[in-house]
Amino acid sequence: MEQLEQTLAAIAAADTADAVEAIRVSALGKQGWVSALLKTLGAMSPEQRQSEGPKIHAAREAVTAALGERKGALESAALEARLAAETVDLSLPAPETPRGSVHPVSQVMDELAEIFADMGFAVASGPEIEDDWHNFTALNMPETHPARAMHDTFYFPDKDAEGRSMLLRTHTSPVQIRTMLAQGAPLRIIAPGRVYRSDSDATHTPMFHQIEGLVIDKGIHLGHLKWTLETFLKAFFERDDIVLRLRPSYFPFTEPSVEVDVGYTVINGKRVVGGGGDVENGGWMEVLGSGMVNRKVIEFGGLDPDEWQGFAFGTGVDRLAMLKYGMDDLRAFFDGDARWLGHYGFGALDVPTLSGGVGVRP
Ligand code: 2NL
């Protein structure tokens, strides 16, 4: 078979993958000569087919084998050439890896968890999509309460299987209701997380972060509340001269309700937490809302208020971060601008502790 010899010679001489492929097409392709020979078998007499068949099949196998061999040889030659030409210079400096940082809100949430863990509080969490029973009713907020209005709360168009309105939680209180119902008493928990209100201006974003705390036990009174908040604020602001002012207030979920102010001093035109608010160049700012848990809320949590008492408190994590680390625009917290994070962000290895946070920078 003259064509076979020619083809094998051409394969041996081919010096690129494209050349090998062209030969494959000319021999084994639809219009190739091997394929043409294979087609002639059909028209042959049985004797002829018996003598010609094996030769044609042998030719096809010889071509296929030669093509494969040549292709492999060319590929390894190309690899050898690359290995010879390319070198790695181990003395070059490594390319710079972009370094992330911890967002101040995450940092402050870690600090809060750490501080309260040292007082025996566990961290509780729950859904951000809530029903109006857990978000409002169980907190003793009547159907007519203004916070329930459409323009203050983000409602979903559909109700849940029990016919309850669905909404984005407006505070983390429902987490505490769920934890009371699931775990019973005694209880010492904090519930940090995202909350949502239909509100947007220089000092309000529609999503912000809140932390609430709840203690349920026997014989709990206002003294426990005051000591806990004072200990927390001293640890958080890393100062011993934290002075509190407790004012009577009103929340539907606590009775009595207490608003907590902390004394500040003006240093270089900036308010710095610490010192008595009544001194010259000082004042009071509200940092927490709190109170003794309303009997009705204890009942909604599945407990007997004659047996169990408790206190609760709540505050804004974003505001606490601003106060401690000196940011002045709340909206920048959620812009996702890496330059802002580069300025205010924290290294991932700065571990907050009760004995020493990451330092106050007034
Ligand atoms: C504020 C006030 C507060 C609570 C939150 C609470 C939760 C349960 C029962 C009773 Cl389950 N109370 N939470 C109590 C008082 C105040 O937050 O000004 N937050 C920003």
Side-chain angles (χ1 to χ4, degrees), residues 105 108-109 112 116 121-127 130-141 145-147 152-153 169-197 199 203-205 207-217 220-222 224-226 228-229 232-233 244-262 284-303 305 308-323 330:
V105 172
V108 166
M109 287 213 201
L112 296 170
F116 281 104
F121 286 68
V123 175
S125 60
E130 266 295 357
D131 56 72
D132 65 354
W133 188 87
H134 286 92
N135 195 81
F136 294 127
T137 311
L139 287 144
N140 191 36
M141 295 168 82
H145 196 280
D152 286 326
T153 301
R169 69 181 184 196
T170 59
H171 45 193
T172 59
S173 314
V175 175
Q176 288 150 278
I177 298 295
R178 288 179 181 279
T179 310
M180 281 165 81
L181 289 167
Q183 298 182 13
L187 210 56
R188 253 188 263 183
I189 51 166
I190 52 168
R194 291 185 183 142
V195 300
Y196 303 84
R197 290 181 199 174
D199 216 348
T203 53
H204 297 86
T205 48
M207 185 281 304
F208 60 102
H209 299 84
Q210 206 196 15
I211 179 168
E212 286 198 17
L214 175 71
V215 169
I216 304 276
D217 213 322
I220 294 292
H221 54 71
L222 267 177
H224 297 117
L225 165 68
K226 185 170 180 250
T228 303
L229 295 184
F232 150 57
L233 290 168
L244 299 190
R245 184 175 75 174
L246 273 53
R247 279 181 294 113
S249 181
Y250 174 79
F251 300 112
F253 25 87
T254 46
E255 182 60 35
S257 300
V258 176
E259 248 156 342
V260 182
D261 299 340
V262 65
W284 299 102
M285 70 174 106
E286 187 191 323
V287 287
L288 289 150
S290 65
M292 301 307 295
V293 181
N294 190 303
R295 292 175 58 88
K296 291 188 194 158
V297 175
I298 293 194
E299 272 171 11
F300 279 124
L303 299 169
W308 301 100
Q309 297 76 44
F311 70 80
F313 56 89
T315 188
V317 176
D318 314 302
R319 222 172 81 82
L320 285 182
M322 291 171 82
L323 279 175
L330 176 66

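Model, not experiment: these values are computed from the prediction. Whatever order the structure lists them in is the order used to number ligands and atoms, beginning at 1.
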Item to check | Proximity to ligand 1 by part of Q210, non-hydrogen separation under 4.0 Å | outcome: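 Side chain only; the backbone of Q210 stays clear of ligand 1.
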Quick one: look up the protein heavy atom nearest [atom] and list residue, atom name and how far away it is.
atom	answer
atom 13 (N) of ligand 1	E212 OE1, 2.8 Å
atom 4 (C) of ligand 1	F253 CE1, 3.6 Å
atom 8 (C) of ligand 1	L139 CD2, 3.8 Å
atom 1 (C) of ligand 1	G314 O, 3.6 Å
atom 11 (Cl) of ligand 1	Q176 CB, 3.5 Å
atom 12 (N) of ligand 1	A312 CB, 3.2 Å

Checklist entry - Would you call E286 and R319 a salt bridge, taking side-chain N to carboxylate O under 4.0 Å as the test? => result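 The answer is no: the pair does not qualify as a salt bridge.
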Item to check | H171 NE2 to F251 CZ distance, which is reported to the nearest 0.5 Å | outcome: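 Reported to 0.5 Å precision, the distance equals 11.5 Å.
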Item to check | Nearest-0.5 Å distance, CD1 of residue I211 to CZ of residue F313 | outcome: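 Answer for the CD1-CZ pair, I211 versus F313, is 6.5 Å.
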Next on the checklist: Please report whether ligand 1 has a polar contact with S290, defined as an N or O pair separated by less than 3.5 Å (distance criterion only).
Outcome noted: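 Between S290 and ligand 1, no N or O pair is found under 3.5 Å apart.
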What are the two closest non-hydrogen atoms of [X] and [Y], and how far apart are they?
X	Y	value
P252	M141	CG-CG, 3.8 Å
T205	M207	OG1-O, 2.7 Å
G126	V175	N-CG2, 3.7 Å
P146	D152	O-OD2, 3.1 Å

Item to check | Side-chain donor/acceptor of D318 to backbone N/O of L330, under 3.5 Å | outcome: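 No: the side chain of D318 does not pair with the backbone of L330.
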Relative to the heavy atoms of [X], which atoms of ligand 1 are at a distance of less than 4.0 Å?
X	value
V297	9 (C)
F251	2 (C), 15 (C), 16 (C)
T254	10 (C), 12 (N), 14 (C), 15 (C)

